[in-house]
Amino acid sequence: MKKLFIQIFSSCLFLVAFTFHVSARDFYRIGQDYRSMAMGNTGIASANNSSALFYNPAAMSNIFTWWVDFPALQATYSDDAKDLYETLQNGLDLDTKDKQIEFMEDNIGKNPYLRINFGSSLFINMSQKGLTLGANYTYELIVDIEVRNASAPEITAYERLDLIRQVGISIPIGLGKWILGVNYKMIDRNELDFTYTIVDAANETNFPTLQDDGLKGSGGAFDVGFMYRTATKARIMFGGVWRNEVELGDASNIPTQLDLGMSMRQEYSIFRWIFALDLRDITRQLGSEDKSTSEKSIYRRLHIGTEVGIFPLSKNSSWISLRAGYNSGYLTWGGEIAFAHGLILGYTTYVEETGEYAGQKPSPRTAIYLSLGF
């Protein structure tokens, strides 16, 4: 499966390059879910689908049924990635230094981004109080390319292929107002980073490949989360999760993180309304090393979102869902059509800030989702 996954995208991955000394970049969180991204990247207390383990193991208590999806496929791409795709469709030849230099000059300032998630999930609800078992098995591919520096063009980029395996449990305490969640995640990571300059093109230097030159590593860690469900009519819930560092050998580690969130749910006849608010990475481990930059601000870690469900199917899903939110300074929106758990189609558009503050270096992105299951 891993070799097939690499082969599918080999037509564009040879373009990939990256440098770690740039001033700021995407946070590259694993398991970014289309539903949560449409709701401003919230999910610590509001996650209720097959991506719950990526946000908070205690949030599995929001799943009140059995749930199996296979396969689940999500593709996320930037506006510039569509231009690159059209170029590839028309034929891309970079065999000579002149063609490489021409490509750089024609694409100055563009930032193609692609993320593919492919896998399956299983959730088993054992009790309406919130006792739920969950697991998922996911491949995640990220390709992030930038062509910059008009006076001396260079390609910088980031490429990563993760195999992510998770198992978890949410446990109600007492009557179920408090929920304890624990999950263990194991990650096999292969990533590549370098910068390809106009000098490299002139010297006819070959592009490195993920298979031959990527850094590899494996590691695992526990996440511990909680949920507190109030007895109010507004169904207000508070949640939090502590993620231990995942050490991945030669590849980049996933740092320790602390996330907090709240959500509120209301029912109005055929409508369901959900509001959510998250503060992610409160300890400010993601971003540049310079803690004085705006990239380290809490403002960039603030996430707000809402969802309106029409014709509820169950306690946590509707036939039609409309979503909107606020993600680190930008508006997000999306929608979903669900035929029970048998077929789910989702769409999201959002902006990811890849600079140090909102508005400096936005990357508009689109996510589409397809899930089959029961």
Query raised in the report: Does the ring center of Y330 lie less than 6.0 Å from the ring center of Y350?
Result: no
Report task. Check whether any side-chain heavy atom of F271 lies under 4.5 Å from a side-chain heavy atom of I310, and answer yes or no. Result -> yes
Query - Whether Y228 and F238 hold their rings parallel, tilted or perpendicular, with breakpoints at 30° and 60° - result: parallel
Query raised in the report: How are the rings of Y139 and Y137 set relative to one another: parallel (under 30°), tilted (30 to 60°) or perpendicular (over 60°)?
Result: perpendicular
Query raised in the report: Are K216 and E191 within salt-bridge range, i.e. N to O under 4.0 Å?
Result: no
**Report entry** Non-hydrogen side-chain atoms of I44 and V241 separated by less than 4.5 Å
**Finding:** yes
Requested in this report: Could you tell me whether R365 sits above the aromatic face of Y113, with NZ or CZ closer than 6.0 angstrom to the six-membered ring centre and within 45 degrees of the axis?
Outcome: yes
**Report entry** P172 to G130 - nearest heavy-atom pair and separation
**Finding:** CD-C, 3.9 Å
Query raised in the report: Do M126 and T132 touch side chain to side chain, with heavy atoms closer than 4.5 Å?
Result: no
Query raised in the report: Taking C-beta and beyond as the side chain, do N183 and V167 meet within less than 4.5 Å on heavy atoms?
Result: no
Query raised in the report: Thinking salt bridges, do K361 and E353 make one under a 4.0 Å N-O criterion?
Result: no
**Report entry** T348 side chain to Y34 backbone, donor-acceptor under 3.5 Å
**Finding:** yes
Query - Path from L133 to F123 over hydrophobic side-chain contacts below 4.5 Å - result: no
Query - Nearest-0.5 Å distance that lies between atom CZ in R235 and atom OG in S263 - result: 11.5 Å
Query raised in the report: Which atoms form the tightest heavy-atom contact between N62 and S46, and what is the distance?
Result: ND2-C, 4.0 Å
Query raised in the report: With the 4.5 Å side-chain cut-off for hydrophobic clustering, are L180 and L175 part of the same group?
Result: no
Query raised in the report: Are Y184 and F222 close enough that their ring centres sit under 6.0 Å apart?
Result: yes
Requested in this report: Assess the pair F226 and W242: is the distance between their ring centroids shorter than 6.0 Å?
Outcome: no
**Report entry** Exercise: identify the closest heavy-atom pair between M39 and A276
**Finding:** CE-CB, 4.4 Å
Report summary line: Tightest non-hydrogen contact, residues M60 and A52, listed as CG-CB, 4.2 Å
Query raised in the report: Between S314 and N316, is any side-chain donor less than 3.5 angstrom from a side-chain acceptor?
Result: yes
Requested in this report: Before giving the answer on side chain to side chain donor-acceptor pair (under 3.5 Å), spell out for E247 and N253 the whole-Å C-alpha distance, their side-chain angles and the decisive distance to 0.1 Å.
Outcome: CA-CA 5 Å; E247 297 183 357; N253 295 341; 5.4 Å; no
**Report entry** Side-chain donor or acceptor of S170 paired with backbone N/O of A58 under 3.5 Å
**Finding:** no
Query raised in the report: When hydrophobic residues are tied together by side-chain contacts of less than 4.5 Å, even through go-betweens, does I337 share a cluster with L370?
Result: yes
Report summary line: When rounded to the nearest 0.5 Å, the distance separating OG of S121 from CG of D69 is 4.5 Å
Query - Linked, directly or transitively: M37 and V308 (ILVMFWY side chains, under 4.5 Å) - result: no
Query raised in the report: Does some side-chain heavy atom of D188 sit less than 4.5 Å from a side-chain heavy atom of R165?
Result: yes
Requested in this report: Assess whether side-chain contact (heavy atoms from CB on, under 4.5 Å) is satisfied between D281 and R29, documenting all intermediate values.
Outcome: CA-CA 11 Å; D281 185 32; R29 294 185 176 105; 4.2 Å; yes
Query - Min side-chain heavy-atom separation V246-M186 under 4.5 Å - result: no
Report task. Decide yes or no on salt bridge (Lys or Arg N to Asp or Glu O under 4.0 Å) for R301 and D278, but give the supporting numbers first. Result -> CA-CA 8 Å; R301 288 152 173 80; D278 284 5; over 6 Å; no
Requested in this report: Return yes when atom CH2 of W66 has more than 12 non-hydrogen atoms of other residues, nucleotides or ligands closer than 6.0 Å, and no otherwise.
Outcome: no
Report summary line: When every non-hydrogen atom of P312 is compared with those of S318, the smallest separation belongs to CA-OG, 3.7 Å
Report task. For the pair T306 (side chain) and I274 (backbone), establish whether a donor and an acceptor sit closer than 3.5 Å, ignoring hydrogens and angles. Result -> yes
Report summary line: Rounded to the nearest 0.5 Å, the OG atom of S61 sits from the CD1 atom of I169 at a distance of 12.0 Å
Query raised in the report: Is a side-chain N or O of D162 found less than 3.5 angstrom from the main chain of I164, in a donor-acceptor match?
Result: no
Report summary line: Shortest non-hydrogen pair, A251 vs G217, comes out as CB-N, 4.1 Å
Query raised in the report: Does the S50 side chain pair with the main chain of S120, one donor and one acceptor, at a distance under 3.5 Å?
Result: no
Query raised in the report: Roughly how far apart are N48 CG and I63 CD1, rounded to 0.5 Å?
Result: 7.0 Å
**Report entry** Carboxylate-amine/guanidinium contact D223 K185, below 4.0 Å
**Finding:** yes
Query raised in the report: Any donor and acceptor pair, going by atom type alone, linking the side chain of Y28 with main-chain N or O of I142 inside 3.5 Å?
Result: no
Query raised in the report: Would you say Q285's side chain and L258's backbone share a donor-acceptor pair under 3.5 angstrom?
Result: no
Query - Separation of L372 CG from F70 CZ (nearest 0.5 Å) - result: 9.5 Å
Query raised in the report: Would you say the side chains of N111 and E146 form a donor-acceptor pair under 3.5 Å?
Result: no
Report task. Mind checking the CG-CG spacing from L73 to N117? Nearest 0.5 Å is all I need. Result -> 8.5 Å
Requested in this report: Decide side-chain contact (heavy atoms from CB on, under 4.5 Å) for L114 and T76; before the verdict, give the C-alpha distance in whole Å, the side-chain angles of both, and the deciding distance to 0.1 Å.
Outcome: CA-CA 6 Å; L114 174 69; T76 305; over 6 Å; no
Query raised in the report: Hey, does I344 have a side-chain heavy atom less than 4.5 Å from the side chain of Y369?
Result: yes
Report task. Please answer whether the main-chain N or O of T205 pairs with a side-chain N or O of D200 as donor and acceptor at a distance below 3.5 Å. Result -> no
Requested in this report: Decide side-chain contact (heavy atoms from CB on, under 4.5 Å) for T156 and D193; before the verdict, give the C-alpha distance in whole Å, the side-chain angles of both, and the deciding distance to 0.1 Å.
Outcome: CA-CA 8 Å; T156 68; D193 63 278; over 6 Å; no
Query raised in the report: Any side-chain heavy atom of N41 within less than 4.5 Å of one from T332?
Result: no
Requested in this report: Walk me through it: do L163 and E140 pass the test side-chain contact (heavy atoms from CB on, under 4.5 Å)?
Outcome: CA-CA 7 Å; L163 171 58; E140 180 173 87; over 6 Å; no
**Report entry** Salt-bridge contact E307-R272 (side-chain N to carboxylate O under 4.0 Å)
**Finding:** no
Requested in this report: Report, as yes or no, whether the 6.0 Å neighbourhood of atom CZ on F374 holds more than 12 heavy atoms from other residues, nucleotides or ligands.
Outcome: no
Query raised in the report: Ignoring hydrogens and geometry, is there a side-chain-to-backbone donor-acceptor pair from H303 to G40 under 3.5 Å?
Result: yes
Query raised in the report: Under 3.5 Å, is there a donor-acceptor pair linking the side chains of T65 and N125?
Result: no
Query raised in the report: Distance-only, no hydrogens or angles: does the R243 side chain make a donor-acceptor pair with backbone N or O of Y55 under 3.5 Å?
Result: yes
Query raised in the report: Which residues satisfy the salt bridge (charged side-chain N to carboxylate O under 4.0 Å, His left out) test with R280, sequence neighbours excluded?
Result: D259
Query raised in the report: What about L286 and I187, same hydrophobic cluster or not, with Ile/Leu/Val/Met/Phe/Trp/Tyr joined at side-chain heavy-atom distances under 4.5 Å?
Result: no
